[in-house]
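Numbering of residues begins at 1 and proceeds along the displayed sequence.
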Amino acid sequence: MVEVAVRIPGYAHGYPEVAFGGYVAGVLAANSEDPTELRVDFRAPVPIEQPLTIASTESGARTLTDADGLLLAETAKATVGIVAPPVPSWAEAKAATEAALVSRERPRTDCYGCGADCAPGRGMRLFTSKLPGHDLIAGAWTPDPALGGADGTLGAEHVWSLLDCPGGWAAMTMHGMRPGAVTAALTATQLQPISVGADYISYSWAANRDGRKYTVGVALATPDGDLCALAEALWIEPRQR
């Protein structure tokens, strides 16, 4: 069994002291034999700044455990079963981002995916909101140079991070998902490299609701409409006390 020691940096968190789901999924994808299409299931909150272990299984999957051996997340081969709607225009996406930044209904946070309080290069800083007249959440995004590798493209941990928060905002906006919900599973595929300094359109939609479970779709595309990444996620909201 091949084992890899990893540690999620403190800035890569969603809720306080909990590692950002998309980042964790991307780290697992980067350590998988074939990350082309992969599903990551979260079994327990992943801590930040703690020693963790990625191990391979006989089936070729990957598991993430903490220092006590507790299973935190695991991968499986999977196909994204959701179809992306047409890509919004760059003007629409840019207007949605501007609306998100001035919204008084959205608290400022340092969430790695959508927090405005993240320093550039220490978070995705992906700001999305609902498109008027459409059942879509969208935003305009340009990767900070600090997010790129030596070749100027984003690693898996950043690509998968882009495919997390927009789905949550879609479920909250369109289906009324309550705050405090978490990403329970994320299935994604990257179709082409994502380069720093280039412009991209993020958009997401709510596909289904089953009680406390919400299925959403998230996509990233170029302003010309070329799809770069696609994901299907399962979000679960907390039980009401």
| note | Heavy atoms of V80 and A231 approach each other most closely as CG1-C, 4.3 Å

| field | Pairwise distance CG(L227) to OG1(T222) - rounded to 0.5 angstrom | value | 9.0 Å

| query | Is the shortest heavy-atom distance from the side chain of P88 to the side chain of L131 under 4.5 Å? | reply | yes

Per-pair distances, 0.1 Å, donor-acceptor, side chain in residues 175-188, under 3.5 Å, sequence neighbours excluded:
unit_1: R178; atom_1: NH1; unit_2: E237; atom_2: OE2; d: 3.1
unit_1: R178; atom_1: NH2; unit_2: P238; atom_2: O; d: 2.2
unit_1: T183; atom_1: OG1; unit_2: D164; atom_2: OD1; d: 2.7

| query | Between L72 and T65, does a side chain to side chain contact (heavy atoms under 4.5 Å, CB included) hold up when you go through it step by step? | reply | CA-CA 5 Å; L72 304 173; T65 56; 5.6 Å; no

| query | What residues form a side-chain hydrogen bond (donor to acceptor under 3.5 Å, both in side chains) with T53, not counting sequence neighbours? | reply | none

| request: Would you list the pairs meeting salt bridge (Lys or Arg N to Asp or Glu O under 4.0 Å) in which at least one residue belongs to residues 42-56, sequence neighbours left out? | output: R43-E74

| task | Following the transitive rule for hydrophobic clusters with a side-chain heavy-atom cut-off under 4.5 Å over Ile, Leu, Val, Met, Phe, Trp and Tyr, establish whether V6 and V40 coincide in one cluster. | result | yes

| query | Listed by chain and number, what are the side-chain hydrogen bond (donor to acceptor under 3.5 Å, both in side chains) partners of D66, not counting sequence neighbours? | reply | none

| said: Give me each pair satisfying ring pair (Phe, Tyr, Trp, His ring centres under 6.0 Å) with a member in residues 119-171, each pair once, sequence neighbours excluded. | reply: none

| query | Of all heavy-atom pairs between S129 and A99, which one has the smallest distance, and what is that distance? | reply | OG-CB, 3.8 Å

| said: For the CG atom of L52 and the CZ atom of R7, what is their distance to the nearest 0.5 Å? | reply: 8.0 Å

| message | If the condition is side-chain hydrogen bond (donor to acceptor under 3.5 Å, both in side chains), which residues does R239 pass it with, not counting sequence neighbours? | response | none

| Contacts of W205 that satisfy ring-ring contact (aromatic ring centres under 6.0 Å, His included) - sequence neighbours left out | Y203

| message | Ignoring hydrogens, what is the shortest heavy-atom contact between I8 and A19? Give both atom names and the distance. | response | CG2-CB, 3.7 Å

| said: Main chain of G211, side chain of R209: is a donor-acceptor contact present, judged purely on distance under 3.5 Å? | reply: yes

| message | Restricting to side-chain hydrogen bond (donor to acceptor under 3.5 Å, both in side chains), what partner residues turn up for D199, sequence neighbours left out? | response | T142

| request: Could you state whether V218 and M174 fall into the same hydrophobic cluster, counting links through intermediate Ile, Leu, Val, Met, Phe, Trp or Tyr residues with side-chain heavy atoms under 4.5 angstrom apart? | output: no

| remark: When every non-hydrogen atom of V216 is compared with those of A206, the smallest separation belongs to CG1-CA, 4.2 Å

| said: Strictly distance-based, threshold 3.5 Å: is any side-chain N or O of E17 a donor or acceptor partner for the main-chain N or O of P47? | reply: no

| task | Would you kindly confirm whether V196 and V159 end up in one hydrophobic cluster when ILVMFWY residues are joined by side chain heavy atoms under 4.5 Å apart? | result | yes

| said: Restricting to side-chain contact (heavy atoms from CB on, under 4.5 Å), what partner residues turn up for K94, sequence neighbours left out? | reply: W90, E98, A140

| task | Please answer whether the main-chain N or O of E37 pairs with a side-chain N or O of K77 as donor and acceptor at a distance below 3.5 Å. | result | yes

| note | Scanning both residues in full, the closest heavy-atom pair of I201 with P223 reads CD1-CA, 3.8 Å

| field | Partners passing ring-ring contact (aromatic ring centres under 6.0 Å, His included) against Y23 (at least two apart in sequence or in another chain) | value | Y112

| task | Measure the CZ-CG distance between R39 and L28 for me, rounded to the nearest 0.5 Å. | result | 13.5 Å

| field | Under 3.5 Å donor-acceptor, Y200 side chain and S195 backbone | value | yes

| Taking all non-hydrogen atoms of both residues, which atom of G139 and which atom of T97 are closest, and how far apart? | CA-OG1, 3.2 Å

| Do E92 side-chain atoms and S89 backbone N/O form a donor-acceptor pair below 3.5 Å? | yes

List the atom pairs, with distances to 0.1 Å, where a side-chain N or O of residues 150-157 and a protein N or O form a donor-acceptor pair under 3.5 Å, not counting sequence neighbours.
unit_1: D151; atom_1: OD1; unit_2: T153; atom_2: N; d: 3.1
unit_1: D151; atom_1: OD1; unit_2: T153; atom_2: OG1; d: 2.9
unit_1: D151; atom_1: OD2; unit_2: T153; atom_2: OG1; d: 3.0

| Passes side chain to side chain contact (heavy atoms under 4.5 Å, CB included), C228 versus I194? Steps please. | CA-CA 7 Å; C228 300; I194 298 170; 4.2 Å; yes

| Roughly how far, to the nearest 0.5 Å, is the CG atom of L136 from the OG1 atom of T173? | 11.5 Å

| message | Membership question, hydrophobic clusters at under 4.5 Å side-chain separation (ILVMFWY): are I137 and L220 in the same one? | response | no

| task | Start with the C-alpha gap between M124 and L147, add the side-chain angles, then the distance that decides, and say whether side chain to side chain contact (heavy atoms under 4.5 Å, CB included) holds. | result | CA-CA 8 Å; M124 295 296 98; L147 296 174; 3.7 Å; yes

| task | Starting at CD of Q190, measure out to CG of L162 and round the result to the nearest 0.5 Å. | result | 9.5 Å

| field | More than 12 heavy atoms of other groups within 6.0 Å of K213 NZ | value | no

| task | Examine L70 and I54 and state if one hydrophobic cluster contains both, with Ile, Leu, Val, Met, Phe, Trp and Tyr joined whenever side-chain heavy atoms are less than 4.5 Å apart. | result | yes

| Do any N or O atoms from the side chain of T57 and from the backbone of A61 form a donor-acceptor pair under 3.5 angstrom? | yes

| task | Check side-chain contact (heavy atoms from CB on, under 4.5 Å) between S32 and all other residues, then give those that pass, not counting sequence neighbours. | result | L38, R62, T75

| message | Can you confirm whether Q192 is buried at CD, in the sense that more than 12 heavy atoms of other residues, nucleotides or ligands lie under 6.0 Å from that atom? | response | yes

| query | Should R212 and I236 count as side-chain neighbours, where that means a heavy-atom distance under 4.5 Å? | reply | yes

| query | Between S204 and P166, is there a donor-acceptor pair closer than 3.5 Å when you use the side chain of the first and the backbone of the second? | reply | yes

| task | Evaluate the side chain to side chain contact (heavy atoms under 4.5 Å, CB included) criterion for residues V24 and L64: first the C-alpha distance (whole Å), next the side-chain angles of each, then the deciding distance (0.1 Å), finally the verdict. | result | CA-CA 9 Å; V24 173; L64 180 69; 3.7 Å; yes

